Structures are given as structure tokens and as C-alpha cells.
Amino acid sequence: MKVIFRLTILAILAIMLTLVACSTPPPPVSQSELQAARSETLEAEESAASSDQELQELEAQLSRREAELRSLRDYERQLGF
């Protein structure tokens, strides 16, 4: 049973390798397509950096507000409410 299973797996691998080796190559990329992809990548990286900066600013603001809330709750407890 193990021999048949191993042979089946080997046959599947051989078929997959043959299909990959014999498949047509991808179409060539033109210079304009390459430049467009590069510019899209740069824009996406800039957008990600901007989003990361905004996230850091919002986390800092949240941290300040949480500290303020803790302070107000402490003050409330001191007043006895």
C-alpha cells in the first residue's frame, strides 16, 4: 500500500514538473508597464508610510486621552462620587 502511494505521489510530481517545464513563458513586460508598476509600488509605499505615521500619531493621542481619563477617574474617587 505504501509503495503504491509513493508511486502515485511521484507520478503526480513528475506530471506537475512536466506541465511547468512545458508551459508557455509569461509574456514580456514592456518598459512602460515596468515603469507603471514601479510608480504604483512607490505610491503604495508612500501611502503605507503615511498611514503608519498617522497610526502612530493616533496611538499617541489615544495614550494621552487614556492617561487623562485615568486622572479624571482618580480625581472623581478623591471627591467621593
Side-chain angles (χ1 to χ4, degrees):
M1 184 68 176
K2 288 183 181 181
V3 174
I4 294 174
F5 180 72
R6 287 182 183 169
L7 288 175
T8 305
I9 296 296
L10 288 174
I12 290 172
L13 287 174
I15 291 170
M16 289 174 56
L17 287 174
T18 303
L19 288 174
V20 169
C22 295
S23 65
T24 58
V29 178
S30 68
Q31 191 66 25
S32 63
E33 291 174 330
L34 183 61
Q35 290 297 332
R38 283 183 181 158
S39 66
E40 287 178 15
T41 302
L42 291 174
E43 289 173 8
E45 288 174 351
E46 290 172 0
S47 175
S50 173
S51 295
D52 188 43
Q53 179 66 28
E54 184 179 359
L55 175 64
Q56 290 176 358
E57 291 171 3
L58 289 173
E59 286 176 339
Q61 183 180 8
L62 176 62
S63 177
R64 288 190 303 270
R65 293 211 175 171
E66 286 175 340
E68 183 181 349
L69 178 61
R70 283 191 303 273
S71 174
L72 289 173
R73 285 186 177 159
D74 289 341
Y75 183 66
E76 182 183 40
R77 275 189 231 113
Q78 289 175 359
L79 292 177
F81 288 114

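Just so it is clear, the model here is predicted, and its values are computed rather than measured. In what follows, residues are counted from 1 in the order of the sequence shown.
- Counting non-hydrogen atoms of neighbouring residues, nucleotides and ligands closer than 6.0 angstrom, the CD atom of Q35 exceeds 12 such neighbours.
- Distance CG/L69 to CG/D74: 9.5 Å, rounded to 0.5 Å.
- Here the straight-line distance linking atom CD of Q78 with atom CZ of R73 works out to 15.0 Å at 0.5 Å rounding.
- Among all heavy-atom pairs drawn from S23 and V20, the shortest one is OG-O, 3.0 Å.
- A donor-acceptor pair under 3.5 Å is absent between the side-chain atoms of S71 and the main chain of A67, judged by distance alone.
- At least one donor-acceptor pair under 3.5 Å links the side chain of E33 to the backbone N or O of S30.
- In terms of hydrophobic clustering, with Ile, Leu, Val, Met, Phe, Trp and Tyr side chains grouped at heavy-atom distances under 4.5 Å, I12 and I4 are assigned to different clusters.
- A distance of 10.0 Å separates CZ of R64 from CD of E68, quoted to the nearest 0.5 Å.
- Counting only heavy atoms from C-beta outward, the side chains of L58 and L62 never approach each other to under 4.5 Å.
- Q61 and E57 form no side-chain donor-acceptor contact under 3.5 Å, judged by distance and modelled atom types alone.
- Checked by atom type and distance alone, the side chain of S50 never pairs as donor or acceptor with a backbone atom of E46 at under 3.5 Å.
- The two atoms that bring L34 and V29 nearest to each other are N-CG1, 3.9 Å, heavy atoms only.
- Under a 3.5 Å cut-off, the side chain of S51 and the backbone N or O of S47 do form a donor-acceptor pair.
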